[in-house]
Student: 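Let me begin by handing over the structure; questions about it come next.
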Amino acid sequence: ECSAQTPGGRPLARQAHAVGGLAKKSLRPARRRELAAWFQDTFQVSCLRACRLAQFSRAAWYRRSRAKDQSALRLRIRDFAQARPRFGYQRIWVLLRREGWLVNRKRVRRLYRLDGLQLRMRVRRRKHMALHRGPAPMPNGPRERWSMDFVHDTLADGRPFRILTVVDNWSRSSPVVEARGRMSGEIVGQLLDHVLGEATAPRSITVDHGTEFQSRALEDWAYRRGVQLDFIRPGKPVENAFIESFNGRLRDECLNVHQFASLADAQAVLEAWRLDYNTRRPHSSLGHLTPSEFVRQRQEEWIVEEVVCSA
């Protein structure tokens, strides 16, 4: 005759986990309700039998929720999660508030977790979509379309630094060339605010998929100033040709010629070159005019056209 089972031996037939192991996580009531419904529909068993198999209370089975219908909110949360796979519930909550949803953060977090969105697998890094398919339309006036990028260089002692470059695609002028040891999306927004002041911001700025341009700080700045960030396709720098051409001129005419002792020295040289670029350097694409001369000539032509049309 077999002896009684000794402690630490073979686990019992109805035991949920192996002896000494970690207990399995219990199912949530909503999941147990779904499981009971599956038992009832699949095997055509009674409600009592289905609830016993799912270990679900019959009172809870017949009880109906009195909460407000959140299906529209859950659908919108799922839309945001699918459009931006790496956004957490906090950013989705901010987007919902911007759209006018009067919902607090705790409810968004509960619905976010209820749909299992926090468990989605990490997908391949998705890039932001461009505003246009194919070549972007040419601007028709100043401050309509800008381009922005970064250039890397080193000081005389070997310390690296970064240069933020911005170009107006219409006049080819450069509103800012700023050198910093480190650069973030927040700093980029502050520099653009300093350049723009109270003036009207450009309608769109063409950028690549750098971490600074995809940051939440720059996204908030663009939303506040009413600017659209136009992201080029990954691996297609030719779609940002204006800033690439400007960076090439900057590298060839300034960075390769000068050696910088400090960041202050680099900024002084870069600012002097930027002013010369805007006011004295002729551009073949502008009919060998400087950007300032081109803007002045176009403004005079517009004035003449207005006078002729009014007459």
Side-chain angles (χ1 to χ4, degrees), residues 94 128 130-131 136 139 141-155 159-232 237 239-255 258 260-281 290-292 295:
V94 173
H128 290 255
L131 297 178
R143 290 190 176 180
E144 184 176 342
R145 291 185 61 84
W146 284 8
S147 296
M148 186 164 55
D149 199 7
F150 285 107
V151 178
H152 299 261
D153 203 7
T154 56
L155 301 177
R159 288 181 297 166
F161 67 95
R162 308 181 71 188
I163 305 171
L164 174 67
T165 57
V166 183
V167 168
D168 188 317
N169 295 359
W170 179 73
S171 65
R172 308 298 197 275
S173 62
S174 174
V176 59
V177 175
E178 184 74 18
R180 294 288 182 94
R182 56 177 294 272
M183 199 76 70
S184 63
E186 183 178 1
I187 295 177
V188 172
Q190 293 174 357
L191 293 175
L192 294 176
D193 276 333
H194 178 72
V195 172
L196 292 171
E198 300 298 329
T200 304
R203 290 194 297 178
S204 67
I205 301 179
T206 305
V207 294
D208 58 16
H209 292 271
T211 55
E212 299 82 4
F213 300 144
Q214 296 188 89
S215 65
R216 181 176 180 179
L218 190 62
E219 183 180 356
D220 291 341
W221 174 88
Y223 175 78
R224 176 170 51 86
R225 297 300 297 252
V227 178
Q228 289 183 309
L229 297 178
D230 187 8
F231 291 88
I232 64 175
E239 295 183 359
N240 206 2
F242 293 104
I243 196 65
E244 293 294 338
S245 176
F246 177 84
N247 292 344
R249 301 294 180 270
L250 174 64
R251 176 76 64 184
D252 184 55
E253 300 175 8
C254 181
L255 299 181
H258 297 87
F260 310 114
S262 62
L263 276 177
D265 180 30
Q267 183 58 42
V269 174
L270 289 170
E271 182 63 19
W273 183 86
R274 185 186 71 85
L275 295 177
D276 180 80
Y277 183 89
N278 290 340
T279 58
R280 300 186 61 185
R281 184 185 183 279
T290 65
S292 59
V295 172

Student: Mind checking what makes salt bridge (charged side-chain N to carboxylate O under 4.0 Å, His left out) contact with R143, not counting sequence neighbours?
Tutor: none

Student: Kindly say whether N169 contributes a backbone atom to a donor-acceptor pair with the side chain of R172 at under 3.5 angstrom?
Tutor: yes

Student: Return yes if some donor-acceptor pair links the side-chain N/O of S174 with the main-chain N/O of V166 below 3.5 Å, else return no.
Tutor: yes

Student: Is the shortest side-chain heavy-atom distance between I163 and L255 below 4.5 Å?
Tutor: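 Yes, close enough: below the 4.5 Å cut-off.
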
Student: Can you name the closest pair of heavy atoms from S173 and P291 and give their distance?
Tutor: CB-CB, 3.7 Å

Student: Rounded to the nearest 0.5 Å, how far apart are CG of D265 and CG of L270?
Tutor: 9.5 Å

Student: How long is the span from the CZ atom in R281 to the CH2 atom in W273, to the nearest 0.5 Å?
Tutor: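 Reported to 0.5 Å precision, the distance equals 7.0 Å.
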
Student: State the CG-CD distance between L218 and Q190, to the nearest 0.5 angstrom.
Tutor: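 Nearest 0.5 Å value for the CG-CD distance: 11.5 Å.
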
Student: Is there any salt bridge (Lys or Arg N to Asp or Glu O under 4.0 Å) pair reaching into residues 178-191, and which pairs are they, with sequence neighbours excluded?
Tutor: E178-R180

Student: Taking A272's backbone N and O only, do any of them form a donor-acceptor pair with D276's side chain (distance below 3.5 Å, no angle check)?
Tutor: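 A pair under 3.5 Å: no.
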
Student: Using 4.0 Å as the upper bound for N to carboxylate O, is an ion pair formed by E219 and R216?
Tutor: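 Result for this pair is no, no salt bridge flagged.
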
Student: How close do P237 and I232 get, heavy atom to heavy atom, and via which atoms?
Tutor: CA-CD1, 4.1 Å

Student: With heavy-atom distances below 4.5 Å as the criterion, would you say the side chains of F231 and V207 are in contact?
Tutor: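 In contact.
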
Student: So, S147 side chain and T206 main chain: donor-acceptor pair closer than 3.5 Å or not?
Tutor: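 No, because the side chain of S147 does not come within donor-acceptor range (under 3.5 Å) of the backbone of T206.
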
Student: Return the minimal non-hydrogen interatomic distance between P202 and W146, and the atom names on each side.
Tutor: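 So the two residues come closest at CG-CD2, 3.6 Å.
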
Student: Looking only at side chains, do N240 and D149 share a donor and an acceptor under 3.5 Å apart?
Tutor: no

Student: Enter the distance from S292:OG to N278:CG here, rounded to the nearest 0.5 Å.
Tutor: 7.0 Å

Student: Backbone N or O of F150 within a donor-acceptor pair of the R162 side chain at under 3.5 Å?
Tutor: no

Student: Does H194 NE2 have over 12 foreign heavy atoms under 6.0 Å away?
Tutor: no

Student: Checking side chain to side chain contact (heavy atoms under 4.5 Å, CB included) for the pair V94/Y223: CA distance, chi angles, key distance, verdict?
Tutor: CA-CA 12 Å; V94 173; Y223 175 78; over 6 Å; no

Student: Using a 4.5 Å cut-off on heavy atoms from C-beta on, say whether the side chain of M183 contacts that of L191.
Tutor: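 In short, these two side chains touch, coming nearer than 4.5 Å.
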
Student: At what distance, to the nearest 0.5 angstrom, does CZ of R225 lie from CG of D193?
Tutor: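 Interatomic distance, R225 CZ to D193 CG, rounded to 0.5 Å: 5.0 Å.
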
Student: In chain order, what residues pass the ring-ring contact (aromatic ring centres under 6.0 Å, His included) check against W221, with sequence neighbours excluded?
Tutor: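 Expected list: none.
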
Student: Does the S245 side chain pair with the main chain of A241, one donor and one acceptor, at a distance under 3.5 Å?
Tutor: no

Student: If I compare all heavy atoms of I243 with all of M148, which pair ends up nearest, and what's the gap?
Tutor: CG1-C, 4.0 Å

Student: To the nearest 0.5 angstrom, please state how far the CD atom of Q228 sits from the CZ atom of R145.
Tutor: 9.0 Å

Student: For residues V227 and A201, report the shortest heavy-atom separation together with the two atoms involved.
Tutor: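 Heavy atoms only, the tightest pair is CG2-CB, 3.6 Å.
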
Student: So which heavy atom on A266 is nearest to which on F161, and how close?
Tutor: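 For A266 and F161, the tightest heavy-atom pair comes out as CB-CZ, 4.2 Å.
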
Student: Check the pair D153 / F260 against side chain to side chain contact (heavy atoms under 4.5 Å, CB included), numbers first and verdict last.
Tutor: CA-CA 10 Å; D153 203 7; F260 310 114; 3.7 Å; yes

